[in-house]
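Comments concern the structure below.
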Amino acid sequence: MPELPEVETIVRGLREKILNKKIIKIDVNYSKTIDTHSAEDFRSILLNSQIIDITRRAKYIVFHILNSYSLILHLRMTGKVLIKTKNDIATKHDHITFHLENGTQIFYNDTRKFGRFYLTKDKEKILGKLGPEPLGNSFIYAEFSKKLASTQRKIKAVLLDQSFIAGLGNIYTDEALWEARIHPEQPANNISQSKQKALFEAIKNVLIKGIENRGTSLGDGQGNYASSGNNRGNNQNTLNVFAKTGKPCPNCENIIQKIVVTQRGTHFCPMCQKLKK
DNA sequence: CCATATGTTACTCG
DNA sequence: ACGAGTAACATATG
């Protein structure tokens with residue numbers, strides 16, 4: 001579910017609520033959620049320690065632990081980190097609970113159970129293969145352009161490839177390609193210089209807007225995005241093409257189409273985003 | 001029953 | 001080597 005703006009919103013919320021409190025108990029109800037350790041080892045490493053900082057890398061949440069470990073979490077499709085108080089009780093999809101000394105409980109909730117925790121002293125082992133952070137200093141146009149020229153893959157597949165650029169998912173990719181007026185199936189090495197530049201800027205624009213709106217919450221089911229305070233985002237109200245199948249393009253009024261690209265539902269305007277020969 | 005879902009990875013085929 | 005396609009993970013929803 002969550003892409004860069006959603007994870008950023010979650011991290012900002014968590015930072016205010018759980019730092020520097022001792023972890024006094026950990027319940028593990030679904031141990032496959034922990035990728036690197038047994039539930040027993042996971043508990044013994046984290047118990048009586050504390051989270052001293054929380055940062056984000058791409059779609060990963062990095063909890064910096066006082067004992068020099070990093071607890072890295074990827075939410076995949078439906079993972080949520082929910083901050084609750086003393087008397088809240090874990091329910092069906094709450095797979096791990098961290099109890100803090102002040103009574104705060106951190107629930108890891110995940111309907112589809114795809115999310116994973118990685119506990120490691122070497123962050124690079126988990127994060128090392130990621131491409132540049134699109135809102136960071138390492139996202140440089142000359143390098144972006146050079147890398148686009150190096151592959152014939154469909155541009156949508158390239159943008160979803162976390163080793164090419166880290167943090168985009170299905171929603172923000174469709175939005176960025178619409179803003180740059182590029183067809184999602186356009187080969188990456190056949191995009192004009194001006195459209196490459198437009199795409200470079202569009203990626204940053206859609207992510208910044210997503211963060212400003214505190215993420216995109218689609219629908220109202222269990223698996224939809226919510227922040228650590230269980231609040232919905234507002235970015236769904238500003239989308240131009242994603243989930244707008246059959247509606248008029250905000251730019252040209254033509255009907256937004258939906259196709260499948262790289263196994264993902266893909267929304268675009270056939271007038272604004274033409275495939276170039 | 002079928003298709004689809006904000007993600008990632010392993011595997012096959014050409 | 002490269003890129004496309006498929007399946008898998010597990011659950012909910014229309």
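Every chain is numbered from 1 and lettered A, B, ... according to where its sequence line falls, protein lines coming before strand lines.
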Find every protein N or O atom lying less than 3.5 Å from an N or O atom of nucleotides 12-14 of chain C, and list the pairs.
| from | atom 1 | to | atom 2 | distance (Å) |
| --- | --- | --- | --- | --- |
| dA12(C) | OP1 | Lys92(A) | NZ | 3.1 |
| dA12(C) | OP1 | His93(A) | NE2 | 3.2 |

So which protein nitrogen or oxygen atoms get under 3.5 Å of nucleotides 2-4 of chain C's nitrogens or oxygens?
| from | atom 1 | to | atom 2 | distance (Å) |
| --- | --- | --- | --- | --- |
| dG3(C) | OP1 | Thr151(A) | OG1 | 2.9 |
| dG3(C) | OP1 | Gln152(A) | N | 3.1 |

Just the table, please: protein N/O against nucleotides 11-14 of chain B N/O, every pair under 3.5 Å.
none

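A pairwise comparison of heavy atoms in Ser145(A) and Gln193(A) identifies OG-OE1, 3.7 Å as the closest pair. Smallest separation of non-hydrogen atoms from Ile256(A) and Val241(A): CD1-CG1, 3.5 Å.
In summary, the aromatic rings of Phe98(A) and Phe107(A) are positioned with their centroids too far apart to meet the 6.0 Å limit.
Under a cut-off of 6.0 angstrom, the local environment of CZ in Arg116(A) is crowded, with over 12 non-hydrogen atoms contributed by other residues, nucleotides or ligands. The number of heavy atoms from other shown groups lying within 6.0 Å of CD (Glu16(A)) does not exceed 12.
Set against dT11(C), dG7(B), dT6(C), the side chain of Lys113(A) has dT11(C) as its closest nucleotide.
DNA chain C is contacted by both Arg76(A) and Thr262(A); Thr262(A) maps to the nucleotide lying nearer its 5′ end (nearest heavy atom per residue). Heavy-atom distances to DNA chain B give each of Asn224(A) and Gln263(A) a nearest nucleotide, and the one nearer the 5′ end belongs to Asn224(A).
A salt bridge links Lys25(A) with Asp27(A): the distance from a Lys NZ or Arg NE/NH1/NH2 to an Asp or Glu carboxylate oxygen falls below 4.0 Å. Classification of Glu185(A) and Lys156(A) as a salt-bridged pair fails, no side-chain N sitting under 4.0 Å from a carboxylate O. Look at Glu143(A) and Lys147(A) and you find no salt bridge, because none of the NZ, NE, NH1 or NH2 atoms lies under 4.0 Å from a carboxylate O. Residues Arg56(A) and Glu133(A) are paired through a salt bridge, judged by an N-O separation under 4.0 Å between the basic side chain and the carboxylate. Taking the charged nitrogens against the carboxylate oxygens, Glu8(A) and Arg12(A) do have a contact shorter than 4.0 Å, which makes a salt bridge. Salt bridge status for Asp174(A) with Arg264(A): absent, with no side-chain N to carboxylate O gap under 4.0 Å.
Spacing of P atoms, dA3(B) relative to dT6(C), comes out at 13 Å, to the nearest Å. Comparing the P positions of dT6(B) and dG14(C) gives an interatomic distance of 15 Å, to the nearest angstrom. The same atom, P, is picked in dA7(C) and in dC2(B); the two are 14 Å apart, to the nearest Å.
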Quiz item: Given the rule that a pair is Watson-Crick or G-U wobble with both distances under 3.5 Å, how would you write DNA chain B in dot-bracket, using | for pairs to a different strand?
Solution: .||||.||||||||
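A stacked arrangement is assigned to Phe114(A) and the six-membered base ring of dG7(B), with a centre-to-centre distance below 5.5 Å and an interplanar angle below 30°.
Nucleic acid contact class of Lys258(A) (heavy atoms, under 4.0 Å, all strands): sugar-phosphate only. Contact annotation for Tyr30(A): backbone-only contact, meaning every heavy-atom pair under 4.0 Å involves sugar-phosphate atoms and none involves a base. Backbone-only contact: Gly265(A) has heavy atoms under 4.0 Å from sugar-phosphate atoms and none from a base.
For Leu75(A) and dG7(B), the CG to P distance is 11 Å, given to the nearest whole Å. Note: CG (Asp110(A)) to P (dA5(B)) measures 18 Å, nearest angstrom. If you take CG of Asp35(A) and C1' of dT8(B), they are 12 Å apart, rounded to a whole angstrom. For Lys156(A) and dG5(C), the NZ to P distance is 14 Å, given to the nearest whole Å. Taking atom NZ on Lys32(A) and atom C1' on dC9(C), their separation rounds to 7 Å, with Å as the unit.
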Self-check item: Derivation of the ring-ring contact (aromatic ring centres under 6.0 Å, His included) call for His95(A) and Tyr30(A)
Solution: CA-CA 5 Å; His95(A) 306 309; Tyr30(A) 184 71; 5.5 Å; yes
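Of the side-chain N and O atoms in Lys59(A), one or more sit less than 4.0 angstrom from OP1 or OP2 of dT8(B). The side chain of Lys80(A) contributes no N or O atom lying less than 4.0 Å from OP1 or OP2 of dT6(B).
Partners of His183(A) under the ring-ring contact (aromatic ring centres under 6.0 Å, His included) rule, at least two apart in sequence or in another chain, are Phe268(A).
Of the residues listed (Tyr60(A), Tyr108(A), Phe117(A)), the one engaging His74(A) in a ring pair (Phe, Tyr, Trp, His ring centres under 6.0 Å) is Tyr60(A), and it is the only one.
Contacts with DNA chain C (heavy atom under 4.0 Å) in residues 158-188 of chain A: none are found.
Geometrically, Lys204(A) does not engage Phe139(A) in a cation-pi contact, judged by NZ or CZ lying under 6.0 Å from the ring centre and within 45° of the ring axis. The cationic atom of Lys80(A) (NZ for Lys, CZ for Arg) does not lie both less than 6.0 Å from the six-membered ring centre of Tyr225(A) and within 45° of the ring axis.
Between Phe144(A) and Tyr141(A), the angle of the ring planes lies from 30° to 60°, which puts this pair in the tilted group.
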